[in-house]
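See below for the structure under consideration.
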Amino acid sequence: MKVRIPNSGGPGNMNQMLKQAQKMQEDMAALQEDLDQREYTAAAGGGLVEVTVDGKHRIKSIQIKPEAVDPDDVEMLEDFITVAVNEAVDNAIKTAEDEMGAITGSLNMPGLF
């Protein structure tokens, strides 16, 4: 005797769900690879400091305009660098969350990023 669960859609529905889950996993892996290769740039101090990070949040470059260098106010330059790095990393994280969210929809997947 076969036991049938009401409203389950039967084995065909389960196969379809598994195919959809596999497709989502493939799409997420491809997107993550793409996101890791992208670069995100942010500036601070009115453009005096510019930082670029990749999708893995590694700093690719820091550009400092000469007028940002004041030997009597090194703290200001340090602040500009900190702000620019944090903004670039935040941009990378936000982009990843938004684009992965488009694939996963309302699924809650903590710790993905």
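Taking all atoms of both residues into account, the shortest heavy-atom contact from F80 to A44 is O-CB, 3.3 Å. For H57 against V89, the heavy-atom pair with the smallest separation is CG-CG1, 4.1 Å. Scanning all heavy atoms of the two residues, the minimum distance from A84 to A42 falls at O-CB, 3.5 Å. Between L48 and A68, the closest heavy-atom pair is CB-CB, 3.7 Å.
Between D90 and K94 there is no salt bridge, since none of the side-chain N atoms of the basic residue sits less than 4.0 Å from a carboxylate O of the acidic one.
For Q20, the CD atom is densely surrounded, since the number of other residues' heavy atoms within 6.0 Å is greater than 12. Other residues, nucleotides and ligands contribute at most 12 non-hydrogen atoms within 6.0 Å of the CD atom of Q25. For E67, the CD atom counts as densely surrounded, since its 6.0 Å shell holds more than 12 non-hydrogen atoms of other residues, nucleotides or ligands.
For D73, there are no side chain to side chain donor-acceptor pair (under 3.5 Å) partners at least two apart in sequence or on another chain.
Taken to the nearest 0.5 Å, the CD1 atom of I103 stands 11.5 Å off from the CD atom of E26. Interatomic distance, CD1 of I81 versus CD1 of I62, reported as 5.5 Å (0.5 Å rounding). Atom CD of Q63 sits about 6.5 Å away from atom OG1 of T52, to the nearest 0.5 Å. Within the model, atoms CZ of R38 and NZ of K56 stand 14.5 Å from one another, a figure rounded to the nearest 0.5 Å. Taken from CG in L77 to CG in D70, the straight-line distance is 9.5 Å, to the nearest 0.5 Å. Rounding to the nearest 0.5 Å places CD of E50 at 8.0 Å from NZ of K65.
Judged by distance alone, with hydrogens and angles left aside, the side-chain atoms of N86 form a donor-acceptor pair with the main-chain N or O of T82 at under 3.5 Å.
By the 4.5 Å heavy-atom criterion applied to side chains, L35 and E99 are counted as neighbours. Taking 4.5 Å as the limit, every side-chain heavy atom of V53 sits out of range of all side-chain heavy atoms of R58. Under the 4.5 Å side-chain criterion, counting only non-hydrogen atoms from C-beta, L18 is not in contact with Q22.
Transitive grouping of hydrophobic side chains (ILVMFWY, heavy atoms separated by less than 4.5 Å) keeps M76 and V83 in distinct clusters.
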